[in-house]
Structure formats: structure tokens, C-alpha cells
Student: 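Dropping the structure in here first, questions after.
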Amino acid sequence: MRGFLLSTVFVFFISGLFAQTDSSAPIAQTDTDVLVQQAENAVQPALSEAAVKQAQIDMVFKPHDPKRDPNLNPFINKKINPDSNRFINPSSNYNMNPLKENSLNPTQNASINPMINLQLNPQSNDVLNPVIMKGLRPSTETWKGLFLFNDSNQLFGYISIATQNVMLSFDNSGTWNGYYVKASDNMYNYFTLFGVWTGMFLCYDNQSGYNLFDKNGKWTHIYVK
């Protein structure tokens with residue numbers, strides 16, 4: 001009789017354990033669902049913000065993209081290719097060649113030399129300095145400017161238009177690496193951050209941007225849109 005009672009108590013005890021386990025399962029599942037929902041709610045604004053930011057970047061970049069518009073591509077549109085159009089090539093058009101025309105050469109013309117004319121020097125003129133004027137940085141959401149492309153039509157860098165006489169140059173990671181000073185209506189000389197002329201210069205392509213030439217007056221196959 002005593003054995004029968006012990007067996008009966010054991011059965012009720014085990015049944016109670018199973019009942020407790022079964023009743024706690026929905027609660028555990030509910031807690032998990034809440035945590036998952038909270039995580040999704042936290043991630044969703046971040047994803048939405050990233051999507052909006054990417055859309056803004058695309059909107060700014062699209063009109064400048066030579067892969068979308070062949071007219072912007074000097075390797076397709078020969079009219080803006082200095083190797084095909086001598087009128088935009090400083091090797092044949094000396095009016096845009098600082099190596100041939102002294103008025104365009106900052107070593108000969110003090111008014112376009114930022115080491116002498118400090119109004120053109122971002123290290124001396126705060127209005128031109130992206131460290132101070134954050135709106136000049138390509139990483140700024142409201143930024144608008146020009147884009148550098150290489151000979152594969154890949155993004156090579158950014159250009160911020162600080163004033164009508166000075167444009168700032170950034171690499172494709174957004175790091176400031178120099179600036180351009182206007183020498184005439186159709187060309188700019190390229191300087192280091194410290195105001196030293198690199199010998200390189202931009203020439204207008206007569207349509208939609210500029211081509212970058214080296215210190216020997218040869219096209220680098222880098223261009224600006």
C-alpha cells in the first residue's frame with residue numbers, strides 16, 4: 001500500500017514538472033518575439049537613413065557620371081578629348097599652356113601664386129579651408145561639386161568649388177590633397193596643400209568639364225565632370 005502511494009505521488013510530481021515546462025514555453029517564445037521586434041525596430045531607422053543618404057549621393061553624382069552619359073566621356077566623345085581635339089590641347093594651343101604663356105604661370109605671375117597672393121591660399125584664407133568650412137568637404141550631406149575620373153571612367157576624386165578662383169581637390173576617400181587656382185577663363189593650376197605648384201593644370205574641354213595635364217603638358221587621361 002505504501003509503495004502504491006509513493007508511485008502515485010511520483011507520477012503527480014512528474015506530471016507537474018511537464019505541465020510547468022509546457023506552460024513556460026509560450027512565455028519564452030513571446031519574450032523572444034519581443035526582442036526580435038525591438039531589434040528590427042532599431043535597425044529599420046538606420047537602414048532608412050542610409051538609403052536616404054545613398055539616394056542623395058546618387059542624385060548629385062548621376063548628372064556627372066560618364067558611364068551613364070557618353071557625351072561626358074572623352075574616350076567616346078572625341079570633341080572633349082585633347083588627344084583628338086587640338087583646340088583643347090595645350091601642346092598646340094598655347095593660350096591655355098602655363099609652360100608657354102607666362103601670364104598663366106604662377107612662377108612668373110604673382111597674382112595667381114597662392115604663396116604670394118594669400119587670398120588664394122586656403123592655409124591663409126579660412127573661407128577656402130575645408131578644415132574650417134565643413135560644407136566644402138565631400139562627406140557633407142549637402143555637398144555639391146565636381147568629380148574626377150580616371151582613364152577607366154572610375155571615380156578618382158572630388159572637387160569643391162570654394163570661390164570662382166579656387167577649387168579644392170580631394171581623393172576618392174574624401175581626403176583633401178591640394179587645390180586649383182584659376183589662371184584664366186579656361187584653365188587652373190594645381191597646387192599642393194602648402195601652396196607649391198605641382199606643374200600640373202586643368203584645361204577646359206569647351207563643353208562639360210576639364211582635362212588634367214602633367215607638368216610636361218601631356219594629358220594624364222584624368223578628367224573632371
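Positions are given from 1 along the sequence.
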Student: Taking the six-membered ring for Trp, are the ring centroids of His64 and Phe149 within less than 6.0 Å of each other?
Tutor: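 They do not qualify: ring centres at least 6.0 Å apart.
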
Student: Is there a path of hydrophobic side-chain contacts, each under 4.5 Å between heavy atoms, that joins Leu146 and Tyr204?
Tutor: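 Yes: a chain of side-chain contacts under 4.5 Å links Leu146 to Tyr204.
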
Student: Looking at Lys79, I'd like to know if its NZ atom is crowded, meaning that more than 12 non-hydrogen atoms belonging to other residues, nucleotides or ligands lie closer than 6.0 Å.
Tutor: no

Student: So, for Ile88 and Asn206, which heavy atoms are closest and what is the spacing to 0.1 Å?
Tutor: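 Closest pair (atom of Ile88, atom of Asn206, distance): CG2-ND2, 3.4 Å.
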
Student: Does the side chain of Asn77 reach to within under 4.5 Å of the side chain of Gln207, using non-hydrogen atoms?
Tutor: yes

Student: Checking side chain to side chain contact (heavy atoms under 4.5 Å, CB included) between Phe191 and each of Val166, Val181, Val196, Asn121, which is the one that passes?
Tutor: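 Filter result, single survivor: Val181.
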
Student: Heavy-atom distance under 4.5 Å between the side chains of Tyr180 and Leu212, does that happen here?
Tutor: yes

Student: Please determine, by modelled atom types, if Asp171 and Ser173 share a side-chain donor-acceptor pair under 3.5 angstrom.
Tutor: yes

Student: Using the side-chain contact (heavy atoms from CB on, under 4.5 Å) rule, take Tyr223 and Asn153 through it: C-alpha gap first, then chi angles, then the decisive distance, then the call.
Tutor: CA-CA 9 Å; Tyr223 60 99; Asn153 302 312; 2.5 Å; yes

Student: Are Leu104 and Tyr94 connected in a single hydrophobic cluster, I mean Ile/Leu/Val/Met/Phe/Trp/Tyr linked by side-chain heavy atoms less than 4.5 Å apart?
Tutor: no

Student: How long is the gap from CG on Asp185 to CG on Asn95, to the nearest 0.5 Å?
Tutor: 11.5 Å

Student: Please determine whether side-chain contact (heavy atoms from CB on, under 4.5 Å) holds for the pair Trp176 and Asn129, giving the CA-CA distance in whole Å, both sets of side-chain angles, and the decisive distance to 0.1 Å.
Tutor: CA-CA 10 Å; Trp176 184 30; Asn129 193 318; 3.9 Å; yes

Student: On a heavy-atom basis, which atom in Leu72 and which in Pro63 lie closest, and how many Å separate them?
Tutor: CD1-O, 3.4 Å

Student: Should Met200 and Ile222 be marked as a side-chain contact (heavy atoms from CB on, under 4.5 Å) after you check the CA-CA gap, both sets of side-chain angles, and the distance that decides it?
Tutor: CA-CA 11 Å; Met200 303 176 75; Ile222 294 172; over 6 Å; no

Student: If you define the side chain from C-beta out and look only at heavy atoms, does anything of Phe75 sit under 4.5 Å from His221?
Tutor: yes

Student: For Tyr188 and Tyr210, which heavy atoms make the closest approach, and how far apart are they?
Tutor: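 Closest approach of Tyr188 to Tyr210: CE1-OH, 3.6 Å.
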
Student: Could you state the interatomic distance from NZ (Lys218) to OG (Ser91), rounded to the nearest 0.5 Å?
Tutor: 10.0 Å

Student: Any chain of hydrophobic side-chain contacts (each under 4.5 Å) joining Met115 to Trp197?
Tutor: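 Cluster IDs for Met115 and Trp197 differ.
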
Student: Show the atom names and distances, to 0.1 Å, of all donor-acceptor pairs under 3.5 Å that link a side chain in residues 154-161 to residues at least two apart or in another chain.
Tutor:
residue	atom	partner	partner atom	Å
Ser160	OG	Leu136	O	2.5
Ser160	OG	Trp143	NE1	2.6

Student: Is Met96 isolated, or which residues cluster with it under the ILVMFWY side-chain rule of less than 4.5 Å, directly or via members?
Tutor: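 Members other than Met96 - counting any ILVMFWY side chain reachable under 4.5 Å - there are none.
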
Student: Report the C-alpha separation of Thr107 and Asn105 in whole Å, then their side-chain angles, then the decisive distance to 0.1 Å, and conclude whether the side chain to side chain donor-acceptor pair (under 3.5 Å) test is met.
Tutor: CA-CA 5 Å; Thr107 65; Asn105 191 316; 2.5 Å; yes

Student: Would you sort out whether Asn109 and Ser103 count as a side chain to side chain donor-acceptor pair (under 3.5 Å), showing the intermediate values?
Tutor: CA-CA 6 Å; Asn109 183 352; Ser103 65; 5.6 Å; no

Student: Can you see which heavy atom on Ser92 is nearest to which on Arg86, and at what distance?
Tutor: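 Scanning both residues, the minimum pair turns out to be OG-O, 2.7 Å.
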
Student: Side chain of Gln123, backbone of Phe194: donor and acceptor closer than 3.5 Å?
Tutor: no

Student: Report yes or no: do Lys215 and Thr198 form a side-chain donor-acceptor pair below 3.5 Å?
Tutor: no

Student: Under the rule for salt bridge (charged side-chain N to carboxylate O under 4.0 Å, His left out), what residues qualify as partners of Asp65, not counting sequence neighbours?
Tutor: Arg68

Student: For side-chain contact (heavy atoms from CB on, under 4.5 Å), just list the numbers for Met167 and Val224, CA-CA rounded to whole Å, side-chain angles, deciding distance to a tenth of an Å, and then say yes or no.
Tutor: CA-CA 12 Å; Met167 301 192 298; Val224 178; over 6 Å; no

Student: With a 3.5 Å cut-off and no angle check, do the side chains of Asp214 and Tyr190 form a donor-acceptor pair?
Tutor: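 No - no donor-acceptor pair under 3.5 Å links their side chains.
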
Student: For Asn117 and Ser111, indicate whether the former's side chain and the latter's backbone hold a donor-acceptor pair under 3.5 Å.
Tutor: yes

Student: According to a 4.5 Å side-chain heavy-atom criterion applied to Ile, Leu, Val, Met, Phe, Trp and Tyr, with indirect links allowed, do Leu128 and Leu193 form part of one hydrophobic cluster?
Tutor: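 As far as the 4.5 Å side-chain criterion goes, Leu193 and Leu128 are connected within one cluster.
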
Student: Shortest non-hydrogen contact from Asn71 to Ile80?
Tutor: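 Heavy-atom minimum between the residues: O-CD1, 3.4 Å.
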
Student: Can you find a pair of side-chain heavy atoms, one from Met133 and one from Thr140, that are under 4.5 Å apart?
Tutor: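 Heavy-atom side-chain distance check fails, nothing below 4.5 Å.
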
Student: Atom CG in Asn89, atom SG in Cys203: separation rounded to 0.5 Å?
Tutor: 8.0 Å

Student: Measuring only between side-chain heavy atoms, which start at C-beta, is Asp205 closer than 4.5 Å to Pro74?
Tutor: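 A side-chain contact under 4.5 Å is absent here.
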
Student: Side chains of Thr163 and Asn165: any donor to acceptor distance under 3.5 Å?
Tutor: no

Student: Could you tell me whether the side chain of Val131 reaches within less than 4.5 Å of the side chain of Pro122, counting heavy atoms only?
Tutor: no

Student: Looking only at heavy atoms, which two atoms of Phe87 and Asn93 are closest? And how far apart?
Tutor: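 It is O-ND2, 2.9 Å.
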
Student: Consider only side-chain heavy atoms of I, L, V, M, F, W and Y, link residues closer than 4.5 Å, and tell whether Phe213 and Leu148 are in one cluster.
Tutor: no

